[in-house]
Each structure stands twice: as C-alpha cells, then as structure tokens.
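Quick caveat, the model's predicted, so the values are computed rather than measured. Residue indices begin at 1 and follow the sequence shown.
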Amino acid sequence: MKRFLYIIFTLLLVSCEKEIGKLTDFEMPRLVVNALITAQDDSQQIRVRVTGLYHAEKVDGADVTLMLNGKEIYSHTTSSEDSLVISTKDFKVGDEVKVDVWKDAMHATASAKVLPPLQIVGMDTLTVMAKRFTTSRDLEPHTQLQVKLRLADGIEPKETYYYRVSVYKNVYTLFSWSLDGEGFVDAVSYRTENDHNSFSYASDAALSESEGVNQENMSVSFDWLEGVKNTYHVFRSNYFENGEYTLRLDFPAPFSGSQNGWSQDINVKVYAISRTEYNYLMALSAYKNLDHGTIYDTEPGITTNVVGGAGIFCVESVDSISFHDDHKIIKVGDNYYHRNDE
C-alpha cells in the first residue's frame with residue numbers, strides 16, 4: 001500500500017490536489033499546512049488538511065494560531081470551510097510569522113520571514129519575432145515587455161535571492177462597430193478574454209535557466225533538475241549585474257479576432273520568495289513534467305518547512321507594474337477606414 005505526500009496548488013490558482021511520493025504503511029496521519037501568503041494584503045488564505053488514505057482531507061476541530069514576532073494575531077478552530085482567510089496588512093519586512101496547528105495528538109508548526117520586495121523601476125516595450133508555441137515552425141510578432149528590476153536597498157548583491165513572476169492579462173478584440181451619418185464611429189464592442197501567466201519566457205535568461213538554455217550560469221549546487229519546464233515562473237538573482245536585471249516577457253497577438261485591431265491590459269507582479277518556496281515550486285513543476293512523460297535520472301524531491309506535518313508555509317513580498325498595449329483598435333470618434341491602411 002502507498003501513502004502519499006499531499007501538495008495543494010490552490011494558492012497558485014490551480015484548484016487540484018497532487019499526490020506525490022511513496023511512504024510506509026505504518027505512518028500515522030499528519031496535518032497538512034499549505035499557505036503561500038503575500039505580505040500587506042487584506043485577504044490571504046491558509047489551508048489546513050489531514051493526510052488520508054487516497055488524498056488530503058478536510059479537518060474539523062483543528063486549532064490554528066498565527067503569531068507575528070511572537071505575538072498572537074489570529075486564532076481559529078477549523079470547521080468545514082475550505083480555507084482560513086487572514087489579513088497580512090501589518091506584516092513588514094523582517095517580521096517573523098509562525099503558524100501552529102493542533103488536532104488531538106497531531107501538531108504541525110512552521111515559520112517564515114517577510115522578505116524585502118524586489119523593486120520594479122521601469123518598463124520598456126519592443127516588438128520581437130518569436131514562436132507562438134514551442135512546436136511552431138513560423139515566427140510571429142510579439143510584444144516584449146522589458147521589466148527593469150533592482151534589488152532592494154541594503155541587499156547584498158553577492159548573495160542568491162529567489163523570485164516568482166505572475167502575469168494577469170485582459171485581451172480585447174474588436175467585435176463590432178457602428179457609424180453615424182457622417183461616417184464617424186459612434187459605438188464599438190469588444191470580446192474580452194482574461195488569462196493568467198499566458199506569455200513566453202524563451203527570451204529571458206533567468207526564467208529559462210532550468211531548461212538548459214543558459215548552461216554557463218548554472219552553479220554546481222543547482223537547485224532543480226535540468227530540463228524542467230518552469231511552470232511557476234521562478235528565477236534566481238544570479239543573472240543580476242550590479243543589483244539590476246531586465247526581465248523579458250513575450251506576448252503574442254490574440255490567436256483569433258485580431259484582424260480589425262486589438263488591445264491588452266497587462267499586470268506584472270514580481271514576488272520575493274524564499275529558497276524553500278523556490279525549491280518547492282520547481283519540484284511541483286518537475287512532477288507536472290512527469291505527468292506529461294518527462295523522464296529524469298533522479299526523482300525530484302519535495303521541500304517542506306512544516307515541522308511535524310507536511311506542506312509549505314511561506315510569506316512573499318510583491319511589487320507590480322501595469323501596461324496598456326494598444327494595436328490600432330477602431331475607437332469611438334474616429335473617422336472610419338480600414339485600420340491597416342495607416
């Protein structure tokens with residue numbers, strides 16, 4: 001019989017549970033604590049489960065306590081709710097955050113420090129030719145965002161730091177328009193699509209490091225397995241020069257509906273994360289690759305910082321920047337003509 005280590009993805013917008021690793025028949029149930037929370041936010045989630053025969057199960061009657069610099073700031077007893085919602089508005093850089101969970105004889109605890117955020121100091125755009133899919137043969141125009149990053153003040157550039165990129169995008173493609181009696185556009189309507197992390201990082205040295213593209217910067221003690229697709233878009237500070245780095249993210253035009261013009265609103269968030277979270281997310285990426293048939297010489301290991309239980313508990317800091325990318329959409333008030341005639 002197998003017993004499984006349970007990895008829960010929901011805090012990364014993937015609502016499923018992953019069963020990873022073979023364990024012994026005789027181990028007792030353990031508490032599972034999963035929380036990748038962001039500092040200085042109104043609503044963050046902590047999920048508490050207990051290991052079961054086939055999957056992690058909800059647990060009633062578990063006592064959860066959250067401490068900030070040794071002072072209790074939250075206490076709750078779980079019921080059938082899916083997760084616990086907390087405020088992290090008072091979390092500041094350098095603070096120590098600790099969670100304690102008790103259920104009968106089971107006890108799980110974890111702690112994390114609030115890290116200095118990476119500073120986004122600017123952004124440029126460039127049109128580049130790239131493949132829409134890795135299997136594509138043809139190159140297509142992409143909008144490349146060049147996000148300029150700088151290490152926080154007081155950070156030692158010689159140390160290695162860890163980060164995660166998350167991109168939210170709203171894409172608008174022209175659906176219809178109408179003209180007034182003088183031939184001016186008086187109304188337009190658009191189709192709107194929202195997506196998360198739909199971009200290419202092939203142009204970026206740091207994000208593509210795990211796929212073996214930039215071997216010269218790989219250290220001997222490299223933290224992840226070579227050939228792993230960087231599913232969660234994490235990177236290290238090894239590519240920074242004088243504390244600065246330009247992140248390159250490529251965005252294609254909409255797959256359909258863009259012939260009459262389109263636009264997109266892009267929000268880029270860069271999270272400062274711990275090495276524990278970095279290793280954890282890369283291990284999840286490795287197992288997702290295994291699901292798609294990738295074969296490794298060494299089985300990836302799962303990092304946990306939960307003492308007495310399983311899961312992950314980390315506190316992230318974030319900086320963000322937004323960009324509006326307009327590609328000749330027919331606009332209200334314009335004199336109508338085919339936009340490609342410009």
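Using cut-offs of 30° and 60° on the angle between ring planes, the pair Y163 and Y161 is tilted. Ring planes of Y168 and H196: parallel class, angle under 30° (limits at 30 and 60°). F251 and F199 have tilted rings, their planes meeting at an angle from 30° to 60° on a 0 to 90° scale.
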For the pair V147 and F323, evaluate side-chain contact (heavy atoms from CB on, under 4.5 Å) and give the outcome as yes or no after the intermediate values.
CA-CA 11 Å; V147 184; F323 172 68; over 6 Å; no
Carefully, step by step, assess T109 and V101 under the rule side-chain contact (heavy atoms from CB on, under 4.5 Å).
CA-CA 6 Å; T109 184; V101 183; over 6 Å; no
Trace of the side-chain contact (heavy atoms from CB on, under 4.5 Å) decision for D204 with Y239:
CA-CA 10 Å; D204 189 82; Y239 289 84; over 6 Å; no
Start with the C-alpha gap between S320 and N267, add the side-chain angles, then the distance that decides, and say whether side-chain contact (heavy atoms from CB on, under 4.5 Å) holds.
CA-CA 7 Å; S320 65; N267 179 253; 4.2 Å; yes
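Residue pairs satisfying the salt bridge (charged side-chain N to carboxylate O under 4.0 Å, His left out) criterion with at least one member in residues 60-74, sequence neighbours excluded, are absent. Sorted by first and then second residue, the ring-ring contact (aromatic ring centres under 6.0 Å, His included) pairs involving residues 99-124 (not counting sequence neighbours) are W102-H107. Counting only residues at least two apart or in different chains, ring-ring contact (aromatic ring centres under 6.0 Å, His included) contacts with residues 136-159 are absent.
Under the salt bridge (Lys or Arg N to Asp or Glu O under 4.0 Å) criterion, R248 pairs with no residue, sequence neighbours left out. Listed by chain and residue number, K148 satisfy the salt bridge (Lys or Arg N to Asp or Glu O under 4.0 Å) test with D124 (two or more places apart in sequence, or in another chain). Looking at residues two or more places apart in sequence or on another chain, you find a side chain to side chain contact (heavy atoms under 4.5 Å, CB included) between Y74 and L66, H76, L84, I86. Scanning for ring-ring contact (aromatic ring centres under 6.0 Å, His included) contacts around H327 gives W262, with sequence neighbours left out. With sequence neighbours excluded, the residues forming a side chain to side chain contact (heavy atoms under 4.5 Å, CB included) with D42 are K89, listed by chain and number. Scanning for salt bridge (Lys or Arg N to Asp or Glu O under 4.0 Å) contacts around D100 gives K98, with sequence neighbours left out. For the salt bridge (Lys or Arg N to Asp or Glu O under 4.0 Å) test, no residue two or more places apart in sequence or in another chain qualifies with E193. The side chain to side chain contact (heavy atoms under 4.5 Å, CB included) check on D41 picks up S43, Q44, T88, with sequence neighbours excluded.
In this structure, R164 satisfies the cation-pi test against Y271, with its NZ or CZ atom closer than 6.0 Å to the six-membered ring centre and inside 45 degrees of the ring normal.
Annotation for D326 and S263: closest pair CA-CB, 4.0 Å, computed over non-hydrogen atoms. Across M282 and N230, no two heavy atoms sit closer than the pair SD-OD1, 3.7 Å. The minimum heavy-atom distance between L118 and D319, with the atom names listed, is O-CB, 3.2 Å. The minimum heavy-atom distance between V33 and A108, with the atom names listed, is CG2-CB, 4.2 Å. A pairwise comparison of heavy atoms in I120 and L149 identifies CG1-CD2, 3.8 Å as the closest pair. Closest approach of F184 and G333 over heavy atoms only: CD2-O, 3.4 Å.
Residues V93 and P117 form a side-chain contact, since some pair of their non-hydrogen atoms from C-beta on lies under 4.5 Å apart. Between K92 and V114, every side-chain heavy-atom pair lies at or beyond the 4.5 Å cut-off. At least one side-chain heavy atom of V188 sits under 4.5 Å from a side-chain heavy atom of L174. A 4.5 Å side-chain heavy-atom check between V50 and K103 finds every atom pair outside the cut-off. R49 places a side-chain heavy atom less than 4.5 Å from the side chain of K58.
Counting heavy atoms of neighbouring residues, nucleotides and ligands inside a 6.0 Å radius, atom CD of E156 exceeds 12 of them. More than 12 heavy-atom neighbours from other residues, nucleotides or ligands sit within 6.0 angstrom of CG on N194.
One N or O on the side chain of T304 and one on the backbone of G311 form a donor-acceptor pair closer than 3.5 Å.
With hydrogens and angles left out, the side-chain atoms of D95 and N69 include a donor and acceptor closer than 3.5 Å. Side chain to side chain, D325 and Q264 meet the donor-acceptor criterion of an N or O pair below 3.5 Å. Inspection of the T276 and N305 side chains reveals no N or O donor paired with an N or O acceptor under 3.5 Å.
Residue Q119 forms a side-chain contact (heavy atoms from CB on, under 4.5 Å) with just one option from D153, I155, L151, and that option is D153. Across I266, V268, T143, N197, a single residue satisfies side-chain contact (heavy atoms from CB on, under 4.5 Å) together with L249, and that is V268.
Transitive grouping of hydrophobic side chains (ILVMFWY, heavy atoms separated by less than 4.5 Å) brings I312 and V234 into a common cluster.
Taking Ile, Leu, Val, Met, Phe, Trp and Tyr as members and joining any whose side-chain heavy atoms lie under 4.5 Å apart, directly or through other members, the hydrophobic cluster of L126 also contains V128.
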